[in-house]
Amino acid sequence: MASRPAVRIRAPGAVLVHHDCMLLTRLAEVSREVAATAARSRKTALLAELFREAEADDVPIVIPYLAGRLPQGRLGVGWKVLGRSVPPAAGPSLTVREVDARLTELGKVSGPGSQAERTRIVGELMGAATGDEQRFLLGLLTGEVRQGALDAVAVEGLARATGADPADVRRAVMLAGSLQTVAQALLADGPGALERFRLTVGRPVLPMLAHSASSVAEAVDRLGACAVEEKLDGIRVQVHRDGDTVRIHTRTLDDITDRLPEVSAAARRLPGERFILDGEVISFDAGGRPRSFQETAGRVGSRTDVAKAAAAVPVSPVFFDVLSVDGRDLLDLPLAERHARLTRLVPEPMRVRRTVASGAADIPEAERFLADTLARGHEGVVVKALDAPYSAGRRGASWLKVKPVHTLDLVVLAAEWGHGRRTGKLSNLHLGARDRDGAFTMLGKTFKGMTDAMLTWQTERLRELAVEDSGWGVRVRPELVVEIAYDGLQRSSRYPAGVTLRFARVIRYREDKRPEEADTVEALLAAHPEVGP
DNA sequence: TTCCGACAGTGGGGTCGCAAT
DNA sequence: ATTGCGACCCCACTATCGGAA
């Protein structure tokens, strides 16, 4: 860090000329401008301009801030701490480095009395910020910047600021697993620095993601020759082994090595010294059936007594891809070749089950595979083009997941006011099923699946049905029937039926149906015998 | 000119761990 | 001991921009 003192400009309206440290007010200004324009090209240009202004020491702060993230990651600061408002400062004085230093301090606070201490630090910071700066900081700390530009636009802006090829920057970010690292190297050494970012064992890369398809037939039609793999309902993991050292990362690249000793042990038993594997961690019961996602996730989330958790709910790694073997980067190889290498490294029981479909003629076989996979208790399948490379960090169109969808006709019991672009619209619906008394039992909420037109319509309709208007939304007469899609039931301690819908979303309103025709809790439970209340 | 891929936004539920009550 | 909060797992879907076709 530079030893020069922070520039302080006290007079409101002073001309913000500075050569040392970037002022927070400049970031807040750019963020506001970015939010105000819809054109992505203009957003990119605004970010690029700011990145060019940034000093070397500002870069690791400015880049993540404008990408809507904190360099420290999350800080244990939420609405509880941010809730109280603090009178804003008269004029801008904060530098981004000063803000960063205070947030770093904030992240270190722990132990009894920490909440008060965090509140004090946040209050002090907010008190030194102008109204605009406060709004920017609030968005940053709560993860809701709402400027319509996060990582992807920041990458574009970075490319433009440095003259690098955007595709090269994107790839470097995927391989580094971090925008900051790449940004710093790029701004310090220019586009040539991008070559330093290669796939490295021990350094996690962003995993490839999948799109959805509504059926196996549709997926095979779209992809042609493909692998159909079982989709396990567990936690995605990337396992790196370098000799005796094993590291395990989640989808967001968090390091969870210490929580999964049996996975590390399994990786050490494989016949290879250096590799990177992609797969899923899941728990099977004594009969070899997969346990619920809730059980697996609870186990993987346990940190305090790992040995005890592992004894109660042991997990197994099940792999489906290999990204690197013995120093060779396999990302650009087609899936067919990567899989051939996977079979040499990982024995069958530790691999995802699969079948291969060469084209439309194999659709019946692929459908049988899906049915069999579901019968064995799994979530569905992922259909993958055999000729596709591993697109790190992308939601490539070459992986398509297919899961069964259930539907119900439920009754709207209440609706909550939306935020952001849904401000002024009733958005989040409370959903109820009929119970034995002819009343309705709440099963969960959803805000998904509505078009803007539906939002407008339901806001008006639900207002007509309102029996109570509170700050958060309205409770309504239970008269409106809505068709809901969901992925299954899960146990719940929050809702009275002891279960709730997983991934509920609206398909359409059923104005042709009366609430007495809505589905019942009883029928729902009967349809999902695997989930007892 | 039209189509479609990629992104951002809008939140859902559960579980764990920590601090406050 | 219980409760509340934040982080981090899982996630679906729509609107929009801008390059591809």
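The sequence lines fix the lettering, A, B, ..., with proteins before strands; numbering per chain opens at 1.
One finds no side-chain N or O of A/His419 lying less than 4.0 angstrom from the OP1 or OP2 phosphate oxygen of B/dG9.
Residues A/Glu229 and A/Thr373 fail the side-chain proximity criterion, which asks for heavy atoms closer than 4.5 Å.
The salt bridge (charged side-chain N to carboxylate O under 4.0 Å, His left out) search around A/Arg303 returns none, not counting sequence neighbours.
Ring geometry for A/Trp457 versus A/Tyr509: interplanar angle of 30 to 60°, hence tilted.
Looking at every heavy atom in both residues, A/Arg251 comes nearest to A/Pro207 through O-CD, 3.4 Å.
Nucleotide C/dC10 forms a pair with B/dG12, judged by Watson-Crick or G-U wobble geometry with both contacts under 3.5 Å.
The listed nucleotides are C/dC10, B/dT10, C/dC8; the one nearest the side chain of A/Ser427 is B/dT10.
Rounding to the nearest 0.5 angstrom, the gap separating the CZ atom in A/Phe503 from the CD atom in A/Gln490 is 7.0 Å.
When each of A/Ala397 and A/Thr423 is assigned the nucleotide of DNA chain B bearing its nearest heavy atom, the one mapping closer to the 5' terminus is A/Ala397.
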Tell me, for nucleotides 11-21 of chain C in 5' to 3' order, what letter each nucleotide earns: B for a base near a protein heavy atom under 4.0 Å, S for only sugar-phosphate near one, - for neither? BBSSS-BS---

Counting primed atoms, P, OP1 and OP2 as sugar-phosphate and everything else as base, the B/S/- map of nucleotides 13-21 of chain B against protein heavy atoms under 4.0 Å is SSSSS-SS-

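A salt bridge (charged side-chain N to carboxylate O under 4.0 Å, His left out) with A/Asp233 is found for exactly one of A/Arg289, A/Lys401, A/Arg502, namely A/Arg502.
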